[in-house]
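Step one of this worksheet: look at the structure below.
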Amino acid sequence: MAEAVLQSKLDHLPQLPGVYLFRQKGGDVIYVGKAKRLKNRVKSYFQESRGHNGKIRVMISKIADLEVIVTDSEAEALILENTLIKKHQPRYNVMYRDDKTYPYICVTAGDRPRVFPTRTVVRDGSRYFGPYDHVGKMKSMLEVIRQAFGLCTCACSPRVIDKTRGVPRWHSCFEEYFENCSGDWPADLYRDTMEKVLQLLNGKTTTLIRQLRDEMEIAAQALQFEQAAKLRDGIKALEKYSEKMKMVTNEPIDRDLFAVEIDEIEATACGVEFRIREGKLVAKYHRFIRNIEGLSEGEILQAFVEDYYTGDMAAITPDEVHLSVEMPDPEPLIEYLWQEHGKKVPILVPRIGEKAQLVRMARANARLLLSEYLLERQKSVKDYIPHSVQSLQRDLGLPVMPRRIECFDNSNLQGTDPVASMVCFVDGKPRKSEYKKFTIKTVTGPDDFASMKEVVYRRYSRMVKDAQHLPDMIVVDGGKGQLSSAVEALKEAGIYGQVPVIGIAKRLEEVFLPGRQDPVMIPKTSSSLKLLQQLRDEAHRFAITYHRDKRSKRTFSTELLKIEGIGETKAKKLLETFGSVKRVKEADLEQLVAAAGKVTGKAVFDYFNTPESP
């Protein structure tokens, strides 16, 4: 019955902009999305040909009901989507995590707004400026407001406000502001001062200083010297504050810069915003974004930027918005900014020059913040399991969590010096102390399949013999052939079926499982595939490095052994002393005699320094 109702709703979806909500049994909202054409977007979830990732497939299996809300425009859909996400906190939408409660400066609504610090955002019509990444910066701004305008910035509770007058029940503030409370100012003076405070909070310090200079000159010409002195002191306070702000560009343009850094293994990102006003960096803001598996960098950045502008953060719309990457669908945001603020705001991705350098600086900050956040999160959880490891279990349907994974790769050059490597990852991280090197012993020539069988059998027959704990999963670099060889080796070792084994082919990043004809296609953006790629690449690097070292040592020792009277022991001693055959060649007779003795040293010197007969 429920499936019939859902199908009926799918068949009657409109080709209009709006918002859609997926609900599971019980009515809980599990996903909220927006669309330019609801019919096309919603139906795409139920088309098997779309190749959805594991997370989306799980979400689709839980959909029991659908609700759509039609809007007049994409901009309305953007606002409504953001509101509904904050209300329902759906499981499959991206989730924002703040590492702390940020301080803001609140400007209340009404005829006589109050200005005060807070860490709580209340949707009551008040405007919030910030967030400030350090409480000291917020206090510095409040101090400038007091010094420049004499405005009270006490964080008094609403309970002590006289509702008839809109001011505290007491008539003065504390400490050095005891006799200078602005609560009883005339309405016109208070309103004029608040306009200047808002200019300052929006970063318009240069414009404000110029305006105050004009007022000071007018007051002086009118012989209002006390007022002129107050304006002069206010200008000094503003200039002192402005000097502390970092000048990042000579262009007097207001810009917002956005960048994201992604850890694909942890399926977590950090978004950073730089607020530039009149060429100065006046504020920074960041948020951590989780539940991003299956999303591209552009989609993650778009979610961050849309959340910023439709939320409580954006105090004033800039002249330009600069991004680290393109957003896949910028039109709803462009339309929203136009409707809300009455101007078209260019959304750009700078590639070269000063603007690109600023975006790179924002991204570098995001990278640092993300690494610190992930480190703290790992420290705070006693038995922490990375998201990529959990995703790997889900995507491959593994019986146990693959916390310990061993991966194999072979390396040879036209069949010479065949070697193999085994790398070990525990909880998604390399454990280099348990890496293994193998010299192929039973295979002649470039036979990759036979080499794989040999090393896998040697590894696990030894583990069985020594009663060692087996890994949670085995990975081989290669397709069906290498996987079949590994399966034969595990059968001979007597452990096939006890440990899951897979092969990963590099060409199409296909994952092969024993007994299955077709590969498992894990989405390219999945953290589980990123983990497998990291495993495979590390095994390949380790095998290549070992092969090069082995080949180099063989070349060096062969040349030294051609010298009469030089055996393997003396050759090794010379290599240990000089480091390479090249340095042995470059050594003088005195150095060689000191290292190998008089007879051997002279023999080596004569070998490398006697000209060949024509």
Side-chain angles (χ1 to χ4, degrees), residues 31 33-35 41 44 50-56 59 78 81-82 85 92-99 255-274 284-311 313 320-334 346-352 355-374 377 386-388 391 395 428 509 521-534 537:
Y31 187 78
K34 65 178 182 298
R41 183 72 183 100
S44 69
R50 299 287 293 186
H52 299 299
N53 62 46
K55 185 182 78 172
I56 298 300
M59 181 192 76
L78 173 62
E81 179 197 34
N82 186 270
I85 289 174
Y92 291 98
N93 282 93
V94 296
M95 296 185 294
Y96 295 95
R97 291 287 184 271
D98 296 326
D99 59 339
R255 294 192 180 104
D256 286 347
L257 274 63
F258 294 89
V260 293
E261 181 68 17
I262 303 169
D263 189 303
E264 294 170 327
I265 298 297
E266 295 289 347
T268 303
C270 178
V272 165
E273 182 257 349
F274 280 3
K284 293 184 292 183
Y285 166 69
H286 73 271
R287 293 194 85 177
F288 298 107
I289 312 167
R290 298 181 63 185
N291 209 18
I292 61 171
E293 189 173 359
L295 299 178
S296 66
E297 184 177 352
E299 290 172 325
I300 297 167
L301 180 63
Q302 179 166 336
F304 175 58
V305 175
E306 289 178 348
D307 179 77
Y308 175 84
Y309 282 116
T310 58
M313 310 304 172
E320 294 177 352
V321 173
H322 290 179
L323 309 176
S324 56
V325 293
E326 296 277 0
M327 295 195 304
D329 184 20
E331 292 304 320
L333 180 61
I334 293 173
I347 298 178
L348 310 170
V349 181
R351 305 294 183 187
I352 58 174
K355 300 170 186 177
Q357 185 177 358
L358 289 172
V359 172
R360 287 195 294 270
M361 183 171 70
R363 186 160 191 167
N365 276 260
R367 187 178 304 117
L368 176 62
L369 290 165
L370 181 59
S371 63
E372 291 176 348
Y373 171 73
L374 293 176
R377 195 171 76 180
H387 181 271
S388 57
S391 298
D395 290 342
E509 304 294 4
M521 299 299 294
I522 302 176
K524 297 292 187 288
T525 54
S526 172
S527 61
S528 58
L529 181 61
K530 300 297 181 184
L531 176 58
L532 291 177
Q533 290 170 334
Q534 188 178 347
D537 294 344

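These figures come from a predicted structure and were not determined experimentally. Both backbone and side-chain heavy atoms feed into the values below; hydrogens, waters and symmetry mates do not. Nothing fancy with the numbering, it's 1 onward along the sequence.
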Legend entry - All ring pair (Phe, Tyr, Trp, His ring centres under 6.0 Å) counterparts of Phe258, not counting sequence neighbours: Phe304, Tyr308, Tyr309

Legend entry - Approximate separation, where rounding is to 0.5 Å, of Gln533 CD and Glu509 CD: 4.0 Å

Legend entry - Basic-acidic side-chain contact under 4.0 Å: Lys34, Glu306: yes

Inset, instruction - State which residue, out of Leu323, Val325, Val321, fulfils the side-chain contact (heavy atoms from CB on, under 4.5 Å) condition with Val349. - result: Leu323

Inset, instruction - Please round to the nearest 0.5 Å and tell me the distance separating atom CG of Leu358 and atom OG of Ser324. - result: 13.0 Å

Inset, instruction - For the pair Arg290 and Phe288, evaluate side chain to side chain contact (heavy atoms under 4.5 Å, CB included) and give the outcome as yes or no after the intermediate values. - result: CA-CA 7 Å; Arg290 298 181 63 185; Phe288 298 107; 5.6 Å; no

Inset, instruction - Tell me, please, which residues at least two apart from Glu299 pass salt bridge (Lys or Arg N to Asp or Glu O under 4.0 Å). - result: none

Inset, instruction - Working to the nearest 0.5 Å, report the span between CD1 of Ile85 and CE of Met95. - result: 12.0 Å

Legend entry - Residue pair Thr268 / Asp263, side-chain donor-acceptor N/O under 3.5 Å: no

Inset, instruction - Decide yes or no for Val94 and Ile300: does some side-chain heavy atom of the first lie under 4.5 Å from some side-chain heavy atom of the second? - result: no

Legend entry - Which residues share a salt bridge (Lys or Arg N to Asp or Glu O under 4.0 Å) with Arg363, sequence neighbours left out: Glu261, Glu297

Inset, instruction - Give a yes or no on this: more than 12 heavy atoms of other residues, nucleotides or ligands lie within 6.0 Å of atom CD of Gln357. - result: no

Inset, instruction - To the nearest 0.5 angstrom, please state how far the CG atom of Asp307 sits from the CG atom of Asn93. - result: 11.0 Å

Inset, instruction - Check whether any side-chain heavy atom of Glu293 sits under 4.5 Å from a side-chain heavy atom of Ser526, and report yes or no. - result: yes

Inset, instruction - Let me know which of His387, Glu266, Glu264 forms a side chain to side chain donor-acceptor pair (under 3.5 Å) with Ser527. - result: His387

Legend entry - Check: Met361 main-chain N/O paired with Asn365 side-chain donor or acceptor under 3.5 Å: yes

